[in-house]
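Have a look at the structure below before the remarks.
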Amino acid sequence: MRENSPPVYTRADEAFDCLQTAIVKGELAPGEKIGELELCTRFNLTRGPLREAIGRLESRGLLVRRPHAGVKVVAVSAAELLELYLIRENMEGLAARQAAERMTDSEIADLLATLDAHEQMIDEAQGQAYYQAEGDYDFHHRIATGSRNTKLAQMLLGDLYYMVRMYRYRLSTSAGRPHRALGEHRRIVEAIAQRDGELAEFLMKRHINAARRNIEKQIQDGVLTI
């Protein structure tokens, strides 16, 4: 029997990853209008793969197309962003509680190893940023899937996940926040490893609440413009 071949990484995949990373890191800012020619030149892409990538980013809610206005990077108001974080606080708290009950020991060990890799990345960035690629390298993604709650994971890892990633990175660049966030992640995983669902939920909710308060302060101080 012929073994399944690994998926082929196409030029469209490359264009998609390039643009998504640019959106998450703010190189393509919320509300910015994008044009195909400019993107091709700026990111060394070709039209066909770029158009496919734009379609995929629209389906993820990271790009929006408006009649007579073209394609823009999605943007939310300050009030909407704070509402998103309030939703995350409660949903991810539940995910952490269920992850403490349902993640395997090997999954927890692997998650701790991922946090070690995050620490190295933060150190390499001289403590100035905490960028997590999507999927298994993302702490919050791992907790959502580790909850074994299919409906909850679908809600957390749908449009909500991709939109929040845009702002998580921007907020991680505030002074001292990367190391604080990593420390909060480690304490959550310690609670999960101890199978203490109540503590894991409390720590996750407090972690996201701290991020929400950080957003409010940055908006009030004029550091974060939305």
Side-chain angles (χ1 to χ4, degrees), residues 1-78 80-81 84 88 110 113-114 117-118 120-126 128-142 144-145 153-174 178 181 215 223-226:
M1 182 180 296
R2 185 177 177 180
E3 295 184 0
N4 291 330
S5 300
V8 177
Y9 188 71
T10 67
R11 294 295 300 277
D13 293 330
E14 181 182 356
F16 173 80
D17 288 342
C18 177
L19 294 183
Q20 180 171 248
T21 299
I23 291 171
V24 169
K25 289 190 170 183
E27 295 166 11
L28 291 172
E32 181 177 342
K33 185 176 181 179
I34 63 173
E36 289 185 6
L37 182 58
E38 178 188 355
L39 291 178
C40 286
T41 302
R42 185 171 170 182
F43 295 104
N44 192 28
L45 303 171
T46 54
R47 284 285 182 93
L50 174 64
R51 287 172 179 166
E52 183 176 334
I54 287 173
R56 288 166 63 182
L57 289 166
E58 284 185 74
S59 70
R60 284 199 170 178
L62 293 178
L63 295 178
V64 291
R65 189 183 300 271
R66 297 283 185 265
H68 314 297
V71 179
K72 293 184 178 181
V73 179
V74 68
V76 298
S77 68
E80 288 171 331
L81 182 58
L84 287 175
R88 284 186 65 208
D110 193 40
T114 298
H118 289 181
Q120 182 178 350
M121 182 270 293
I122 291 171
D123 289 342
E124 289 171 355
Q126 298 181 323
Q128 298 301 308
Y130 189 171
Y131 174 72
Q132 302 174 62
E134 71 173 274
D136 284 348
Y137 195 68
D138 185 342
F139 170 78
H140 292 277
H141 191 286
R142 293 280 284 273
T145 56
Q154 285 174 347
M155 288 185 284
L156 283 172
L157 302 179
D159 291 349
L160 174 66
Y161 172 73
Y162 296 106
M163 187 172 294
V164 167
R165 283 189 74 228
M166 294 171 55
Y167 293 94
R168 273 173 48 197
Y169 178 78
R170 292 174 67 187
L171 295 165
S172 80
T173 59
S174 58
I215 294 171
V223 176
L224 181 65
T225 303
I226 298 178

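Owing to the predicted nature of the structure, the values given are computational and were not obtained by experimental measurement.
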What heavy-atom pair brings A144 and L156 nearest, and what distance separates the two atoms? CB-CD1, 4.0 Å
Provide the closest heavy-atom pair for A53 versus A12 in the form atom of the first, atom of the second, distance. CB-O, 4.1 Å
Between atom NZ of K25 and atom CD of Q20, what is the distance when rounded to the nearest 0.5 Å? 12.0 Å
Would you mind telling me which of L62, L45, V73 makes a side chain to side chain contact (heavy atoms under 4.5 Å, CB included) with L19? L45
Side chain to side chain contact (heavy atoms under 4.5 Å, CB included) involving D17 - partner list, sequence neighbours excluded: Y9
In chain order, what residues pass the side chain to side chain donor-acceptor pair (under 3.5 Å) check against T10, with sequence neighbours excluded? D13
List the atom of G31, the atom of A75, and the distance in Å for their closest heavy-atom pair. N-CB, 3.7 Å
Hey, could you give me the CG/CD1 distance between L57 and I34, rounded to the nearest 0.5 Å? 7.5 Å
Euclidean distance, Q154 CD relative to Y161 OH, rounded to 0.5 Å: 15.5 Å
Only counting residues at least two apart or in another chain, list the ones meeting side chain to side chain donor-acceptor pair (under 3.5 Å) with E27. none
Write out all pairs satisfying salt bridge (charged side-chain N to carboxylate O under 4.0 Å, His left out) with one or both partners inside residues 58-72, taking only residues at least two apart or from two chains. E58-R65, R60-E134
Exam field: side chain H118 to backbone D138, donor-acceptor pair closer than 3.5 Å: no
Close side-chain approach of V74 and L63, heavy atoms under 4.5 Å: no
Applying salt bridge (Lys or Arg N to Asp or Glu O under 4.0 Å) to E36 and not counting sequence neighbours gives R47, R51
Within the 4.5 Å heavy-atom criterion, are E52 and R11 side-chain neighbours or not? no
Quick one: list whatever passes side chain to side chain donor-acceptor pair (under 3.5 Å) with H141, sequence neighbours left out. none
My understanding is that only residues two or more places apart in sequence, or in another chain, count here; which of them pass ring pair (Phe, Tyr, Trp, His ring centres under 6.0 Å) with F16? none
Test of understanding: with salt bridge (Lys or Arg N to Asp or Glu O under 4.0 Å), list the residues that count as partners of D110, not counting sequence neighbours. R142
Side chain to side chain contact (heavy atoms under 4.5 Å, CB included) partners for Q120, two or more places apart: E124
Mind checking what makes salt bridge (Lys or Arg N to Asp or Glu O under 4.0 Å) contact with E32, not counting sequence neighbours? R42
